[in-house]
There are 2 protein chains.
Amino acid sequence: MSMDRQLLLLGLLRAQEMHGYQLNEFIDQQMNFCVDLKRSTAYYLLDKLCRDGYVEEEVEREGNRPERKVYHITPTGETLFQDLLRQNLSVYAPPFYPEDIGIIFEHQLPPAESLALLHTRREAILRHRERVSVLYQHLPPSHTAVIDHHILHLEAELTWVDRLIADRSARLPTADGASAAPAIPCVADSE
Amino acid sequence: MSMDRQLLLLGLLRAQEMHGYQLNEFIDQQMNFCVDLKRSTAYYLLDKLCRDGYVEEEVEREGNRPERKVYHITPTGETLFQDLLRQNLSVYAPPFYPEDIGIIFEHQLPPAESLALLHTRREAILRHRERVSVLYQHLPPSHTAVIDHHILHLEAELTWVDRLIADRSARLPTADGASAAPAIPCVADSE
DNA sequence: GGCGATATACTCAAAACTGAGTATTCAAAC
DNA sequence: GTTTGAATACTCAGTTTTGAGTATATCGCC
């Protein structure tokens, strides 16, 4: 299922009927900065959208090319698109942040090593921001909102890493030997 | 696989050996604000971690309780935990933002409706921030970094929605009839 | 005219994930 | 004493997702 991927495919097919390969090329080349959709998954979803009646496929035989299927949206699909779009725009679902898992256990590493790792991450974030910023320059206005969104989140991420780095630096054992005691987080045991 | 979930389970089992139910209770109750891990997925992952030798299970038979399996981490698991933690901390992988999909097609809705939807979303974000802020008050210091992280991203999200709302408001057709023409995004056709 | 590289267009088996269901114990209400 | 509801502890069939593989056509170059 996955609402968002369905929305994406329906939205693209709505703008223009396509065959699977063309759809995949478009996503991979134009949308790779915000969407990660494997080709095999796209084919699977197209098939499912067909089975569910939201798109239809037509086998196309042109000259001696290998035959291919052209997908186009159906009226039911158009309705679903509108519904999904409305839902997507009005709902807020906080994404799952993998970095949250790491940060829960971060204090179990020696502070010096943790700091080194966080600096590496900081560099990675900066590199990523550079890459996204470049995109911003030459994209149609319809895409700038998406980039904008990414950049804001990247800034948030950066602020956060910087805070953490500052905090962990302050806790580094100094020459006078004062340091915070690391504690293993306790799991509530109800027995 | 999913690095992050493995890291989570290993990290929790490392702090304390547990049986599946206890692990699930802990995740659902203490970590629901940042982790969404279905119970069935947890059992699946525990089983896989066993098969791969990172944890071991021991069947426990206590009185006339239904029997249950206690999982504890192995030395290989400990190594994996350390590796995954280092990786998680040093790498930056931009998460997939479902809202990006909606925003690509947003301009295909009538501006007035779009604005209404965005306002609904704005409310949802505010509610969520309220909920997370409350958590901040009574949590151990080991968790505040995670909450901090969430709040920063929520602020980013809020800034973004506000920008979009402002922009779309400006484009609303006014009494004098001036309005921007909506364009369906073009798909590059290489044929 | 043949050879490798690239583009086209998927297929499939295996892995990962989920929702719904199963089964037992215990405590409290009726 | 028995029904009801919550807590304990998973299982499993089905769905979704993926990486690796398959197969043909076309293009340029030697």
Side-chain angles (χ1 to χ4, degrees), chain A residues 1-9 12-13 17-29 32 35-52 54-55 57-72 93 96 98 187-191, chain B residues 1-10 12-13 17-29 32 35-52 54-55 57-72 84 93 96 98 187-191:
Chain A
M1 221 172 284
S2 175
M3 313 260 86
D4 312 299
R5 290 165 168 200
Q6 273 192 331
L7 175 60
L8 175 65
L9 294 191
L12 292 177
L13 289 179
E17 68 172 29
M18 284 188 266
H19 40 272
Y21 187 80
Q22 196 181 349
L23 188 81
N24 273 309
E25 282 290 291
F26 182 73
I27 293 173
D28 278 7
Q29 281 163 25
N32 63 65
V35 177
D36 174 33
L37 184 66
K38 303 285 184 284
R39 290 187 175 220
S40 39
T41 311
Y43 284 116
Y44 167 75
L45 289 175
L46 283 172
D47 193 54
K48 183 166 199 317
L49 286 171
C50 270
R51 290 197 316 267
D52 295 349
Y54 300 122
V55 312
E57 64 181 30
E58 247 175 293
V59 173
E60 182 192 81
R61 194 176 287 278
E62 224 184 279
N64 52 357
R65 283 166 150 263
E67 75 179 29
R68 56 190 184 175
K69 296 168 198 153
V70 178
Y71 298 92
H72 57 91
F96 171 71
V187 170
D189 190 342
S190 51
E191 292 192 305
Chain B
M1 221 173 282
S2 175
M3 313 261 86
D4 312 298
R5 288 165 170 198
Q6 272 191 331
L7 176 59
L8 175 66
L9 294 192
L10 288 176
L12 292 177
L13 289 180
E17 68 171 30
M18 285 188 264
H19 41 272
Y21 187 80
Q22 197 181 347
L23 187 82
N24 273 310
E25 283 290 292
F26 183 72
I27 293 172
D28 277 7
Q29 280 163 25
N32 63 65
V35 177
D36 173 34
L37 183 66
K38 302 288 183 290
R39 291 187 172 219
S40 40
T41 311
Y43 285 115
Y44 167 74
L45 289 175
L46 283 172
D47 192 54
K48 181 162 200 317
L49 286 170
C50 270
R51 290 195 320 266
D52 294 348
Y54 300 121
V55 312
E57 63 180 33
E58 248 176 294
V59 174
E60 185 191 82
R61 194 176 289 278
E62 225 185 279
N64 53 356
R65 282 165 152 263
E67 76 178 29
R68 55 190 184 174
K69 295 169 198 155
V70 179
Y71 298 92
H72 58 89
L84 290 178
F96 172 72
V187 171
D189 190 340
S190 50
E191 294 195 301

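In what follows, every chain begins at residue 1, and chains take the letters A, B, ... in the order their sequences are listed.
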Among all residues two or more places apart in sequence or in another chain, which pass the side chain to side chain contact (heavy atoms under 4.5 Å, CB included) test with [X]?
X: B/D47; answer: B/R51
X: A/T41; answer: A/R5, A/L37, A/K38, A/L45
X: A/E58; answer: A/H72
X: B/D28; answer: B/R39

Notebook entry, point to check: Residues in side-chain hydrogen bond (donor to acceptor under 3.5 Å, both in side chains) with A/D4, at least two apart?
Noted result: A/N88
In whole angstroms, how far is the [atom2] atom of [N] from the [atom1] atom of [X]?
X: B/R39; N: C/dT22; atom1: CZ; atom2: P; answer: 19 Å
X: B/Y43; N: D/dA13; atom1: OH; atom2: C1'; answer: 18 Å
X: B/F26; N: D/dT8; atom1: CZ; atom2: P; answer: 15 Å
X: B/I27; N: D/dC10; atom1: CD1; atom2: P; answer: 14 Å
X: A/K69; N: C/dT8; atom1: NZ; atom2: C1'; answer: 14 Å
X: B/R68; N: D/dA7; atom1: CZ; atom2: P; answer: 16 Å
X: B/Q29; N: D/dA7; atom1: CD; atom2: C1'; answer: 11 Å
X: B/L46; N: D/dT11; atom1: CG; atom2: P; answer: 11 Å

Check: How would nucleotides 12-21 of chain C be written as a contact map, 5' to 3', with B for base contact, S for sugar-phosphate-only contact and - for no contact, using protein heavy atoms under 4.0 Å?
Finding: B---BSBB--
Next item on the list: Give the minimum heavy-atom separation between B/Y21 and B/Y43, together with the two atoms involved.
Entry: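 Where B/Y21 meets B/Y43 most closely, the heavy atoms are N-OH, 3.5 Å.
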Margin query: I want to check one thing: is the phosphate of C/dA9, taken as OP1 and OP2, less than 4.0 Å away from some side-chain N or O of A/Y21?
Written below: no
Item checked: Residue-phosphate contact under 4.0 Å: A/H19 side-chain N/O, C/dA9 OP1/OP2 ->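 For C/dA9, OP1/OP2 do have a side-chain N/O of A/H19 under 4.0 Å.
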